[in-house]
Chemist: 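Before I ask anything, here is the structure I am working with.
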Amino acid sequence: MTNSPHATVRSGPDPRLLGQARDAVLPPLAEAFTQALGRFDDALFDRAERAGPSQMAFLDAMRELRRRRDEIIARFRDALLETWRSLEAGQPLSAEDALVRGDASALSLVTEQELESRLAARNLAAVLARDCKPVLVRLERRLSVLAGVPLDGEHNPIGAEHIGVAVHAAFGTSDLALEVRLVVVKLCERELVPLVARIYEALDQRLVRAGVAPELAAGPKPAPAAPAPRPENFDSEPLIQDEEMHAPAWAARFVNRMAGFRETHGGGRAAPEAGDYGQAPGTQTVLLEALHHLLQESRGQRGQDSARATLGTRDLSQREMLSVLSLLQSTPSATLRAAIGDTGESLAQRLKNEVLSSATQLGVDPSTARLAPVDEDAIDLVGMLFDVMLDERDLEGRPRELIGRLVVPFVKVALLDRRMFVQKTHPARRLLNALAEACEGNNGESAAERTLLTKVEEVVDRLVAEFNENLAIFLTLEEEFRAFLDQHRRRIEIAERRAAEIQRGQERLETARTRMNTELSARVDGRELPGAIEEFLRQPWAHHVTMTLLREGEDSNALRDALVLADGVLEELAEAQRQIIGKPWLQAWRPGLVQVFASVGMNSDAAHGAVDALHDTLQAIAASRPDLQKSLPELPQVVLPKPAEDENTPIQIVGGTDTLEFDHTDADHFRLLAIGTWLDFIDKDNKVQPGKLSWVSPISSRLLFVNRRGVRFCVASPEELAAMVRLGRLRRHIEEDAFDSAMQGVIDRLEPALPGTAP
């Protein structure tokens, strides 16, 4: 590759330059993997020291990796070389095809260990893709130009997805316990990703100097981000500034409404633009002021007396408030616990009453105490927030109790840092969102769900026991719980993959049976066959054809041989019916017939005996002696595979589309639906269940949807889904985190009380 700054611009395929790019990038990638692998020994030894009962698994892994070191490196290198050669051949290989290559025709399901390993490789790829997104986009474009074929992240031979596949392949033959295998792939994230990032940047620079797609300027190597500080509290600037700082629906609607309200009533500070939420200086302060005014106006319109107006003349100090809340946090009163379980009582009002009555434990006379306006606002907002969350989300029983125990700690957070209400990245609300996600719809039906609820209870217990005025505990607990939640999601992904594997197997069975029935009908229907011949075709031969289709495919030599065998037997039957005497019946077909009988479980002697029965039958027909026809010996019980029906599917799907009424635009929309899209399914009892598109069949184009536990519950064609839309049984799913959704509910409950606001 030339280094001249005046290199010729490359605007078309260039196999020579593509080969140079291969030689420039594959050896460094293999060397980077070798370097990363060399660091595993110390890391695994450290893990072994604290692995407890699993210690020997890590020590054995160290020996295994040393013993197979050269093989592991070679498998990594060969995996990348194979994908690059597919690019040079003009048919780039997808990462998914590379990952499952060798298993496509297998009848057995992929093991759970294999699924875990594949998911770990995908997670590694996701980390690499996230860290190197800009340079990977440029490399995909430049390599597309050189190869003359379009490329994306799934087909880029050195992209993040194929790096993950290569790592999976590298350790594929190593004898590693599942726990150790996942740790090894995780170590690749730490050791390999930074090295690969530098190799990407170097290749990108070389391609620029070679004049490949020069309009895509090579970006500078990004500097590593400094670790976020962990202050004692969060009264300083936000810890995280990222894409999460955009305005949620409630803030946009609320800000727009407040702008109109200020115009009507005049004066006051201008409301911020919705798009500035969380970004422009002072925006959060303005939103908090607007929330304060909304609460005041709402109380007045509802004729609700403020705790400040009715309970005395002295404001409780913040220290007194925090002390009272700490008492309620450690020992919540029976009435407060009852309010959490009661859908009819206002948590906000109950909290205010509890704070004032509990102040007596600090020596404060309730008749002379009142809540400061800012404290009353905090209690109202938190109380209403949890009212909405507990009422509108699927939280019953133990999950409702666990979320309800967070009310008092979150009132304390609101007193210490009001920005929790308007800052999406605030650790307290991030923790609440994570816990709500774990609890919603979790009835403890499976072992994984029960384990998740136990972890939620552990987090809530720690928060209640340890939270004083130091908000850093929310960040610590949120990080720990997110890590646990990621493991739970991985289990769900495994369940999703399993559902897809089962559905793929069922569709292949269905396709094989359809083809077998077609071939059988063409040879049997409308013909009067001797009993032995018909029994042979309908049982062992039909089973053999079905299994051949599953194992070998529709274009295989084995299937052609099976079809020719049946035709040969029928041809000899026709000859026998013409009374041809003295022919050695079925002599040419005996090996194939023995193989068919053996495929249904007959041993060699029994199989030859069955062929002899067919021979004697043909001979009897040729001699016009029907009394000499033989029956087949007793055949082993063979059950032809049938596509399984999902008994748990709440949606009844109608087969075929001829009688369905649907909008073709809707059907076209579902054909292009992206994997991972959620829809709301509505059953006959009007219960709504979100479903995630997990897989689309390449055979039938049917879409597989799973629930939040990764369990299959609906498989339907685009036309059937469009018909469900027409019947009102399917709709778009709106995904909001628990905090933002509850805040929207708070605004909805407050707005009708304001003048000029539609109910």
Chemist: Can you tell me how far the OG1 atom of T451 sits from the CZ atom of F484, to the nearest 0.5 Å?
Modeler: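 Nearest 0.5 Å value for the OG1-CZ distance: 6.0 Å.
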Chemist: Locate the shortest heavy-atom distance separating A121 from G164; write the atom from each residue and the value.
Modeler: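 Between these two residues, the closest heavy atoms are CB-O, 3.4 Å.
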Chemist: Taking C-beta and beyond as the side chain, do F386 and L406 meet within less than 4.5 Å on heavy atoms?
Modeler: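 When only atoms from C-beta onward are counted, L406 and F386 do touch, with a gap below 4.5 Å.
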Chemist: Cation-pi check, K412 to F467: give yes when NZ or CZ is under 6.0 Å from the six-membered ring centre and within 45° of the ring axis, no otherwise.
Modeler: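 Judged by the rule, K412 and F467 form a cation-pi pair.
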Chemist: Measuring only between side-chain heavy atoms, which start at C-beta, is L385 closer than 4.5 Å to L381?
Modeler: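 A side-chain contact under 4.5 Å is absent here.
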Chemist: Are any of the side-chain nitrogens in R462 or E458 under 4.0 Å away from the carboxylate oxygens of its partner?
Modeler: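 No salt bridge links R462 with E458.
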Chemist: Which pair of non-hydrogen atoms, one from N433 and one from A738, has the smallest distance, and what is that distance?
Modeler: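 Taking every non-hydrogen atom into account, OD1-N, 3.2 Å.
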Chemist: Shortest non-hydrogen contact from L128 to A160?
Modeler: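 Reported closest heavy-atom pair: CD2-CA, 3.7 Å.
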Chemist: Going from SG on C188 to CZ on R190, what distance comes out if it is rounded to the nearest 0.5 angstrom?
Modeler: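 If we round to the nearest 0.5 Å, C188:SG and R190:CZ are 10.5 Å apart.
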Chemist: A438 and L485: which non-hydrogen atoms are nearest, and at how many Å?
Modeler: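 Residues A438 and L485, closest heavy atoms: CB-CD1, 4.2 Å.
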Chemist: When you measure from the side chain of R450 to the backbone of G444, do you find a donor-acceptor pair of N or O atoms at a distance under 3.5 Å?
Modeler: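 Yes; at least one donor-acceptor contact below 3.5 Å.
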Chemist: Going by an N to O cut-off under 4.0 Å, is there a salt bridge joining D377 and R418?
Modeler: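 No, no charged N to carboxylate O under 4.0 Å.
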Chemist: Please answer whether the main-chain N or O of L679 pairs with a side-chain N or O of R731 as donor and acceptor at a distance below 3.5 Å.
Modeler: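 It does not hold such a pair.
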Chemist: Taking all non-hydrogen atoms of both residues, which atom of M420 and which atom of A414 are closest, and how far apart?
Modeler: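 Residues M420 and A414, closest heavy atoms: CE-CB, 4.2 Å.
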Chemist: So how far is it from L477 CG to L431 CG, rounded to the nearest 0.5 Å?
Modeler: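 The CG atom of L477 sits 6.0 Å away from the CG atom of L431.
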Chemist: Decide yes or no for C439 and L453: does some side-chain heavy atom of the first lie under 4.5 Å from some side-chain heavy atom of the second?
Modeler: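 The answer is yes; the side chains approach within 4.5 Å.
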Chemist: Identify the heavy atoms of D417 and H426 that sit nearest to each other, and give their distance.
Modeler: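 Heavy atoms only, the tightest pair is OD2-NE2, 2.9 Å.
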Chemist: Decide yes or no on side-chain contact (heavy atoms from CB on, under 4.5 Å) for R398 and V456, but give the supporting numbers first.
Modeler: CA-CA 10 Å; R398 186 182 176 199; V456 171; over 6 Å; no
Chemist: Between E201 and R198, does at least one N-O distance fall below 4.0 Å, as a salt bridge requires?
Modeler: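 No salt bridge links E201 with R198.
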Chemist: Rounded to the nearest 0.5 Å, what separates atom CZ in F705 from atom CG in L693?
Modeler: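 So the CZ of F705 and the CG of L693 are separated by 4.5 Å.
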Chemist: Got R405 and V464 here, is their nearest side-chain heavy-atom distance under 4.5 Å?
Modeler: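 SC-SC contact between R405 and V464 confirmed.
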Chemist: When you look at R729 and F681, which way does the side-chain contact (heavy atoms from CB on, under 4.5 Å) test go after all the steps?
Modeler: CA-CA 6 Å; R729 298 178 63 187; F681 290 81; over 6 Å; no
Chemist: With the side chain counted from C-beta on, respond yes when L322 and L415 share a heavy-atom pair under 4.5 Å apart, and no when they do not.
Modeler: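 L322 vs L415: side chains touch.
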Chemist: Any chance you could measure T476, atom OG1, to L471, atom CG, to the nearest 0.5 Å?
Modeler: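 The OG1 atom of T476 sits 11.0 Å away from the CG atom of L471.
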Chemist: Apply salt bridge (Lys or Arg N to Asp or Glu O under 4.0 Å) to the pair E189 and K186, showing each step before the final yes or no.
Modeler: CA-CA 5 Å; E189 291 183 19; K186 194 70 177 177; 3.2 Å; yes
Chemist: Could you give me the CA-CA distance, side-chain angles and deciding distance for N353 and Q349, then say whether side-chain contact (heavy atoms from CB on, under 4.5 Å) is met?
Modeler: CA-CA 6 Å; N353 293 339; Q349 192 59 46; 3.4 Å; yes
Chemist: Tell me if the aromatic rings of F410 and F474 count as close, with their centers under 6.0 Å from one another.
Modeler: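 Judged by ring-centre distance (under 6.0 Å), F410 and F474 do meet the cut-off.
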Chemist: Any side-chain heavy atom of V193 within less than 4.5 Å of one from L124?
Modeler: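 Side-chain contact under 4.5 Å: yes.
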Chemist: Quick one: does F421's side chain get under 4.5 Å of V413's, heavy atoms only?
Modeler: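 No, their side chains stay 4.5 Å or more apart.
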Chemist: Verify, without hydrogens or angle tests, whether T677 (side chain) and L673 (backbone) share a donor-acceptor contact under 3.5 angstrom.
Modeler: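 Not confirmed, T677 side chain does not pair with L673 backbone.
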Chemist: Within the 4.5 Å heavy-atom criterion, are V460 and E457 side-chain neighbours or not?
Modeler: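 Contact flag for V460/E457 side chains = no.
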Chemist: Taking only Lys NZ, Arg NE, NH1 and NH2, and the carboxylate oxygens of Asp or Glu, determine whether R482 and E478 approach each other closer than 4.0 Å.
Modeler: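 Salt bridge between R482 and E478, a charged N being under 4.0 Å from a carboxylate O: yes.
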Chemist: Drop me the distance from D387's CG to D380's CG, to the nearest 0.5 angstrom.
Modeler: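 Output value for this atom pair is 10.5 Å.
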Chemist: For the pair L730 and I682, evaluate side-chain contact (heavy atoms from CB on, under 4.5 Å) and give the outcome as yes or no after the intermediate values.
Modeler: CA-CA 6 Å; L730 187 64; I682 306 163; over 6 Å; no
Chemist: Going by side chain to side chain contact (heavy atoms under 4.5 Å, CB included), V355 matches just one of D375, L316, L327. Which one?
Modeler: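 That would be L316.
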